[in-house]
Novice: 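Have a look at the structure that comes next, please.
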Amino acid sequence: MQSEYVPAAVEQEAQAYWDAHRCFAAPEKPGARKFYCLSMFPYPSGRLHMGHVRNYTIGDAIARYRRMQGDQVLQPMGWDAFGLPAENAALERRVLPGAWTRSNIRAMREQLRKLGFGYDWERELATCDPDYYRWEQWFFIRLYEKGAAYRKKALVNWDPADRTVLANEQVIDGRGWRSGALVEQREVAQWFLRITDYAEQLLGDLEQLEGKWPPQVLQMQRNWIGRSRGAAIRFAVDGRDEPLEVFTTRPDTLMGTTYMALAPGHPLVQEIASKNNELNDFIKQSLKQAESEGRDKLGHPTGLVARHPLTGEPLPVWTANFVLMEYGSGAVMSVPAHDQRDWEFAKAYDLPIRQVVAPGDGAEADMEAGAFVEYGTLVNSGEYDGMGSEEAGAAIVEELAKRGQGEEVVRYRLHDWGVSRQRRWGCPVPMIHCPACGIVPVPDADLPVRLDEELPPAEALPEAWLNAACPRCGGAARRDTDTFDTFVESSWYQARFCSHDSEDAMLDERARHWLPVDQYIGGIEHAILHLLYARYFHKLMRDEGLVEGDEPFARLLTQGMVLKDGSKMSKSMGNAVDPEPLIERYGADTVRLFMLFASPPEHTLEWSDSGVEGCARFLKRLWRFACDHAQGGDVASVPEAELTPPQQELRRRLHETIRKAGNVIGRRHTFNTAIAANMELLNELLRFDDASAAGRTLVRECLSAMLRMLAPAVPHAAHVLWRELGFDGAVLGQPWPEADEAALQQSVERIAVQVNGKVRAELELPTDASEDEAGQAARNDAKVLRHIAGKTVVRMIWVPHKLVNLVVRDG
RNA sequence: GCCGAGAUGGCGGAAUCGGUAGACGCGCCGGACUCAAAAUCCGGUGGGGUAGCCCCCCGUGUGGGUUCGAGUCCCACUCUCGGUACCA
């Protein structure tokens with residue numbers, strides 16, 4: 001055996017073994033306890049970054065740990081392969097997006113293999129494979145057929161130079177991020193998924209995830225869905241048939257309404273503006289401005305007059321820049337006395353402020369200083385005077401309902417999900433537009449609608465691709481030219497991994513076997529969009545009978561960012577550390593060990609070159625120690641009773657380590673402390689100088705347990721050392737070590753002695769010492785005596801196996 | 001503003017049932033080996049007092065509280081990080 005640790009050779013040997021024995025293939029075994037461990041799949045940018053390495057190291061360590069617990073583990077890997085960078089690369093380097101993407105996948109797959117992650121590569125998928133997106137198209141058509149997908153015109157960011165829709169993130173200071181052209185708001189017909197139909201479930205089912213997902217992720221999802229309960233109230237408008245509907249969470253303030261405010265994009269405003277130049281100019285101006293809090297409240301009167309639903313009082317109708325078309329109905333009843341924005345607007349345009357709620361404690365609200373926004377007691381509200389806000393609100397809604405002018409409603413911040421993208425490198429929308437029949441889905445038999453991967457994205461789609469016969473009437477028709485948002489692909493990949501090779505169905509019984517994902521691991525940056533969409537898709541698939549259960553990810557671990565010099569590692573910051581040279585220099589095991597040891601998974605991880613060195617040193621020490629032991633030849637096993645006290649102590653330390661490591665990994669995934677415990681144990685072993693048969697037996701017991709405990713973190717070194725030491729089988733298939741209760745027993749133990757809560761001495765007592773014995777020993781201790789001399793012990797606290805606390809008082 | 005998480009040595013972090021704060025690693029200091037260096041090994045390392053570590057005092061963001069005993073529980077603050085926001 002090589003007494004010097006050469007990571008490259010070690011890692012090659014271990015990986016060759018795993019490959020040859022298909023160790024990570026995950027067949028379905030009915031009856032076995034399954035564990036589906038999934039790390040968020042990467043976008044194939046071409047190279048792994050340190051964030052990937054951390055993410056996948058954590059996932060792999062958990063998967064390997066569960067396997068040693070006896071679980072049937074599935075851990076797949078794939079590629080989130082559609083997206084803009086491929087199109088940009090195509091434009092910049094004259095390559096095809098598909099070729100570029102696939103070559104990146106090859107490079108990154110090689111990097112993942114070098115790191116020794118235990119993936120079932122037979123299930124690998126890329127979302128740009130027609131076999132994958134075919135089922136996405138199939139499923140979209142099912143959604144369309146049941147009304148869950150629909151097409152409507154929507155305002156979008158339109159880049160006139162690149163002739164495409166841009167995501168909000170791609171608009172910088174009102175200009176397209178690539179073209180630099182001024183972005184226009186344009187109405188374009190787009191596909192939407194009716195996620196708002198599931199808002200209530202998406203919110204309610206978060207309860208199932210309580211304690212299993214990080215609390216901040218649950219809260220972020222709740223905020224994003226943004227449920228609010230309130231009232232829809234309709235105000236008649238003079239000279240119009242249609243009333244104006246508003247949404248308010250404060251119906252109790254209805255009597256304080258002094259004007260109405262509409263979003264500049266409100267249809268009513270748009271209509272009037274077409275005949276009113278001044279108003280039209282105002283709208284144009286206000287639409288141009290980027291939305292931001294704190295900007296001045298600007299408005300313009302529309303000339304319309306609305307009627308208060310209870311009093312009939314005339315209320316001027318304004319358009320105002322602080323009213324959002326995207327929330328509620330794009331119109332608000334303005335109550336300047338009790339809403340700060342309404343108040344500021346009223347001050348700016350000299351509109352009346354009428355207080356109708358007074359502070360509940362009888363204090364005066366200063367209407368000149370600002371709005372009084374809290375709940376309180378009603379005033380100036382006729383029959384509602386004296387009621388509390390909640391009671392009054394309910395009474396007012398009841399009265400409105402009686403008159404047919406309003407009712408209680410629930411509103412969400414969440415909007416339907418616009419999934420159309422005017423991009424080439426994405427999943428084609430499987431729809432045909434027929435002049436006679438309208439929108440007609442592509443028949444299932446004709447799926448997938450394939451992208452033309454040979455066509456450079458800068459070139460226009462050829463007529464041959466665009467033209468299609470209408471599946472319904474057979475007439476000339478055109479294909480939909482949009483592709484899906486790439487978030488659609490990543491919303492169901494976890495299910496397809498289970499049925500990766502199913503040719504006649506999107507999913508099969510294997511998906512029901514493996515789902516839900518038992519442990520999902522990924523970055524917090526996906527806390528809202530990806531995780532919300534994937535939860536939504538799971539419910540859609542459930543309602544189509546494809547999967548069972550309400551949620552796709554039973555447990556979620558969000559790993560912290562990798563920092564260097566205090567800020568996130570990134571190319572743009574210039575502080576990125578490339579994993580590859582590090583693996584070359586130290587080996588995959590050292591990199592993995594550092595990732596797990598430097599901090600707990602959820603925390604940020606501060607990069608440290610010397611920290612990596614420290615991990616490398618530990619592995620070298622472990623290696624050398626194991627080699628030295630192996631060179632000592634075989635050992636005979638010796639009955640436990642014959643152990644000397646130092647041997648017994650080492651054995652106790654071993655089993656304490658086992659207990660601790662199992663505890664912290666199983667309960668909290670804090671590999672850092674499990675590794676630290678093993679480092680301590682190695683330090684003990686290095687001090688343990690005992691070449692007797694019993695001593696060597698004991699060392700062997702320690703090594704056996706240590707290699708198993710370290711295997712999830714440093715699988716290659718553990719694999720080779722396990723074999724070199726002549727243990728049975730491969731360490732990968734071994735059970736996790738179990739702590740031996742008998743070994744944990746000790747005859748004497750160290751007890752702290754406190755006087756008035758301060759530690760003053762340490763005692764060595766028999767483990768079975770009684771309270772009286774402990775008290776006596778404590779009082780007789782010289783150090784303790786100094787602190788109790790001349791005082792009265794009024795009380796003694798006895799915590800068995802831990803401490804004695806003498807409570808003393810002067811005199 | 002609102003929501004969430006957090007604050008422990010020079011640094012990353014331990015101590016998650018209220019019971020010896022600072023495990024483990026890094027860094028630093030001293031020593032061994034060496035012609036020398038690297039590597040490796042051994043010892044020390046919260047601050048202060050002090051005849052060296054025999055001991056004593058202080059110490060987990062700040063100020064109070066509960067308790068025999070608080071990093072841990074309660075109240076009030078400060079700061080940091082993350083998310084989100086004219087959401088009616």
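Proteins come first, then strands; the chains are lettered A, B, ... in the order of their sequence lines, and each starts at number 1.
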Novice: Look at the rings of A/Trp318 and A/Tyr349 and say which category their plane angle falls in: under 30° parallel, 30 to 60° tilted, over 60° perpendicular.
Specialist: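 Rings of A/Trp318 and A/Tyr349: tilted, 30 to 60°.
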Novice: Regarding A/Gly226, tell me which of base, sugar-phosphate or nothing describes its non-hydrogen contacts under 4.0 Å with the strands shown.
Specialist: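 It contacts nothing in the nucleic acid.
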Novice: Using the C1' atom on both, measure B/G46 against B/C41 and round to a whole Å.
Specialist: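 Per the computed distance, 27 Å lies between those C1' atoms.
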Novice: Among B/G27, B/C55, B/C86, find the nucleotide with the atom closest to the side chain of A/Ser610.
Specialist: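 Looking only at heavy atoms from C-beta outward on A/Ser610, the closest nucleotide is B/G27.
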Novice: Tell me, yes or no, whether the heavy-atom count around A/Lys347 atom NZ, taken from other residues, nucleotides or ligands under 6.0 Å, exceeds 12.
Specialist: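 Check passes, neighbour count above 12.
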Novice: Using whole Å, report how far CD of A/Glu326 lies from C1' of B/U84.
Specialist: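 After rounding, the gap between these two atoms is 16 Å.
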Novice: Using the C1' atom as the reference point in each nucleotide, state the distance between B/C79 and B/G63 in Å, no decimals.
Specialist: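 Between the two C1' atoms, the distance is 15 Å.
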Novice: Students often get this wrong, so: under 4.0 angstrom with heavy atoms, is A/Pro214 touching a base, only sugar-phosphate, or nothing?
Specialist: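 No contact.
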Novice: What pairs with A/Arg750 under salt bridge (charged side-chain N to carboxylate O under 4.0 Å, His left out), at least two apart in sequence or on another chain?
Specialist: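 So A/Arg750 forms a salt bridge (charged side-chain N to carboxylate O under 4.0 Å, His left out) with A/Glu762, A/Glu764.
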Novice: I need the NE2-P distance between A/His415 and B/A85, as an integer number of Å.
Specialist: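 Taking NE2 of A/His415 and P of B/A85, I get 12 Å after rounding.
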Novice: Identify whether any heavy atom of A/Thr670 sits under 4.0 Å from a base atom; if not, whether one sits that close to sugar-phosphate; answer base, sugar-phosphate or nothing.
Specialist: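 No contact.
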Novice: When you measure from the side chain of A/Ser599, which nucleotide among B/G12, B/G27, B/U20 comes out closest?
Specialist: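 The answer is B/G12, which lies nearest to the side chain.
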Novice: Which residues pass the ring-ring contact (aromatic ring centres under 6.0 Å, His included) test with A/Phe487, not counting sequence neighbours?
Specialist: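 Testing A/Phe487 for ring-ring contact (aromatic ring centres under 6.0 Å, His included), a comparison that skips the adjacent residues, returns A/Tyr533.
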Novice: For the side chain of A/Lys297 and the base of B/C86, is some donor closer than 3.5 Å to an acceptor across the two?
Specialist: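 When only heavy-atom distances are counted, A/Lys297 does reach the base of B/C86 through a donor-acceptor pair under 3.5 Å.
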Novice: What's the gap between B/A85 and B/U16 when it is taken at their P atoms, as a whole Å value?
Specialist: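 So the two P atoms sit 39 Å from each other.
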Novice: Mark yes or no for whether A/Ser389, through its side chain, and A/Gly376, through its backbone, hold a donor-acceptor pair below 3.5 Å.
Specialist: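 Present.
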Novice: A/Ile528 CD1 to B/G83 P: how many Å, rounded?
Specialist: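 So the CD1-P distance, A/Ile528 to B/G83, works out to 9 Å.
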Novice: Send over the distance from A/Asp339 CG to B/C87 C1', rounded to a whole Å.
Specialist: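 From A/Asp339 CG to B/C87 C1': 11 Å.
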Novice: Checking A/His338 side chain against A/Val373 main chain: does a donor-acceptor pair fall under 3.5 Å?
Specialist: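 Here the side-chain-to-backbone pair does not exist.
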Novice: Would A/Arg222 and A/Glu207 pass as an ion pair if we require N to O under 4.0 Å?
Specialist: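 No, this pair does not count.
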Novice: Give the rounded distance in Å between these two atoms: CG of A/Leu803 and P of B/U20.
Specialist: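 Those two atoms, CG and P, are 7 Å apart.
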Novice: Can you tell me how far C1' in B/A88 sits from the matching atom in B/A7, rounded to whole Å?
Specialist: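 Each nucleotide's C1' atom is 37 Å from the other's.
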Novice: In whole Å, what is the span from the CD1 atom of A/Ile797 to the C1' atom of B/G18?
Specialist: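 From A/Ile797 CD1 to B/G18 C1': 12 Å.
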Novice: Quiz question: by atom type and distance under 3.5 Å, do the side chains of A/Gln746 and A/Arg652 form a donor-acceptor pair?
Specialist: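 Side-chain D/A pair, A/Gln746 to A/Arg652: present.
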Novice: Using a heavy-atom cut-off of 4.0 Å across all strands, would you classify A/Arg617 as base, sugar-phosphate, or nothing?
Specialist: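 Sugar-phosphate: the residue A/Arg617, judged by heavy atoms under 4.0 Å, touches backbone atoms but no base.
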Novice: At 4.0 Å (heavy atoms only), tell me whether A/Val753 reaches a base, stays on the sugar-phosphate, or touches nothing.
Specialist: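 If one applies the 4.0 Å heavy-atom cut-off, A/Val753 turns out to touch nothing in the nucleic acid.
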Novice: Using heavy-atom distances to pick each residue's nearest nucleotide on RNA chain B, tell me which of A/Lys660 and A/Gly614 is more 5'.
Specialist: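 This one resolves to A/Lys660.
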Novice: Let's see if you can work this out: which of B/G19, B/C86, B/C3 has an atom nearest to the side-chain heavy atoms of A/Arg341?
Specialist: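 Among the listed nucleotides, the one closest to the side chain of A/Arg341 is B/C86.
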Novice: So A/Val332, base contact, sugar-phosphate only, or nothing? Heavy-atom distance under 4.0 Å.
Specialist: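 Base, at least one base heavy atom under 4.0 Å.
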Novice: Rounding to an integer number of angstrom, what distance separates B/C87 and B/G19 when you compare their C1' atoms?
Specialist: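 Those two atoms are separated by 50 Å.
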Novice: Of all the nucleotides listed (B/A88, B/U40, B/C24), which has the minimum atom distance to the side chain of A/Phe597?
Specialist: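 Of the options given, the side chain of A/Phe597 lies nearest B/C24.
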Novice: How about A/Ser228 and A/Tyr327: does a side-chain donor come under 3.5 Å of a side-chain acceptor?
Specialist: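 A/Tyr327 and A/Ser228 do have a side-chain donor-acceptor pair below 3.5 Å.
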Novice: Using modelled atom types and a 3.5 Å cut-off, is there a donor and acceptor pairing between side-chain atoms of A/Asn55 and backbone atoms of A/Ile521?
Specialist: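 Between the backbone of A/Ile521 and the side chain of A/Asn55 there is a qualifying donor-acceptor contact (under 3.5 Å).
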Novice: Check every atom of B/U84, B/A21, B/C86 against the side chain of A/Arg413 and return the nucleotide holding the closest atom.
Specialist: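 Given the options B/U84, B/A21, B/C86, the side chain of A/Arg413 is closest to B/U84.
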Novice: Taking NZ, NE, NH1 and NH2 as the nitrogens, is one of them in A/Arg229 or A/Glu390 under 4.0 Å from a carboxylate oxygen of the other?
Specialist: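 The answer is no: the pair does not qualify as a salt bridge.
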Novice: Does a donor on one side chain and an acceptor on the other come within less than 3.5 Å for A/Arg234 and A/Ser329?
Specialist: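 No, A/Ser329 and A/Arg234 have no side-chain donor paired with an acceptor closer than 3.5 Å.
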Novice: Would you measure the distance from the P atom in B/A15 across to the matching atom in B/C81 and give it in whole Å?
Specialist: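 The same atom, P, in both gives a distance of 25 Å.
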Novice: Under a 3.5 Å cutoff on both atom distances, Watson-Crick or G-U, what's the dot-bracket for RNA chain B ([ ] crossing, | other strand)?
Specialist: (((((((..(((......[....)))((((((.......))))))((((.....))))..(((((..]....))))))))))))....
Novice: Using a heavy-atom distance cut-off of less than 4.0 Å, which residues of residues 674-690 of chain A contact RNA chain B?
Specialist: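 Heavy-atom contacts with RNA chain B come from A/Ala676, A/Met679, A/Glu680, A/Asn683.
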Novice: Per the atom types in the model, does the base of B/G83 pair as donor or acceptor with the side chain of A/Gln219 at under 3.5 Å?
Specialist: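 In this structure, the two groups form no donor-acceptor pair.
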Novice: In whole angstrom, what separates A/Gln216's CD from B/G83's P?
Specialist: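 After rounding, the gap between these two atoms is 11 Å.
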Novice: Based on the glycosidic angle (syn within 90° of 0, else anti), state the conformation of B/G9.
Specialist: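 Syn.
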Novice: What does A/Glu762 touch in the nucleic acid at a heavy-atom separation under 4.0 angstrom: a base, only the sugar-phosphate, or nothing?
Specialist: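 Result for A/Glu762 = base.
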Novice: Between B/G69, B/G12, B/U84, which nucleotide gets closest to the side-chain atoms of A/Asn805?
Specialist: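 So the nucleotide nearest the side chain must be B/G69.
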Novice: Taking for each residue the nucleotide of RNA chain B with the nearest heavy atom, is it A/Thr248 or A/Arg624 whose nucleotide lies nearer the 5' end?
Specialist: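 Whichever sits nearer the 5' end wins; that is A/Arg624.
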Novice: Would you indicate which nucleotide in B/U20, B/C41, B/G12 comes nearest to any side-chain atom of A/Arg621?
Specialist: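 Of the options given, the side chain of A/Arg621 lies nearest B/C41.
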Novice: Give me, pair by pair, the N or O atoms of the protein and of nucleotides 57-61 of chain B that are less than 3.5 Å apart, along with how far apart they are.
Specialist:
unit_1	atom_1	unit_2	atom_2	d
B/C57	OP1	A/Arg760	NH2	3.4
B/C57	OP2	A/Arg760	NH1	3.1
B/C58	OP2	A/Lys758	NZ	3.0

Novice: Say whether, by atom type as modelled, one donor and one acceptor occur between the side chain of A/Asp339 and the main chain of A/Ser334 under 3.5 angstrom.
Specialist: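 No.
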Novice: If I take atom CZ in residue A/Arg795 and atom C1' in nucleotide B/G19, what distance separates them, rounded to the nearest angstrom?
Specialist: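 The answer, rounded to whole Å, is 14 Å.
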Novice: Run the ring-ring contact (aromatic ring centres under 6.0 Å, His included) test against A/Phe553 and tell me which residues pass, sequence neighbours left out.
Specialist: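 Here the qualifying residues are A/Tyr520.
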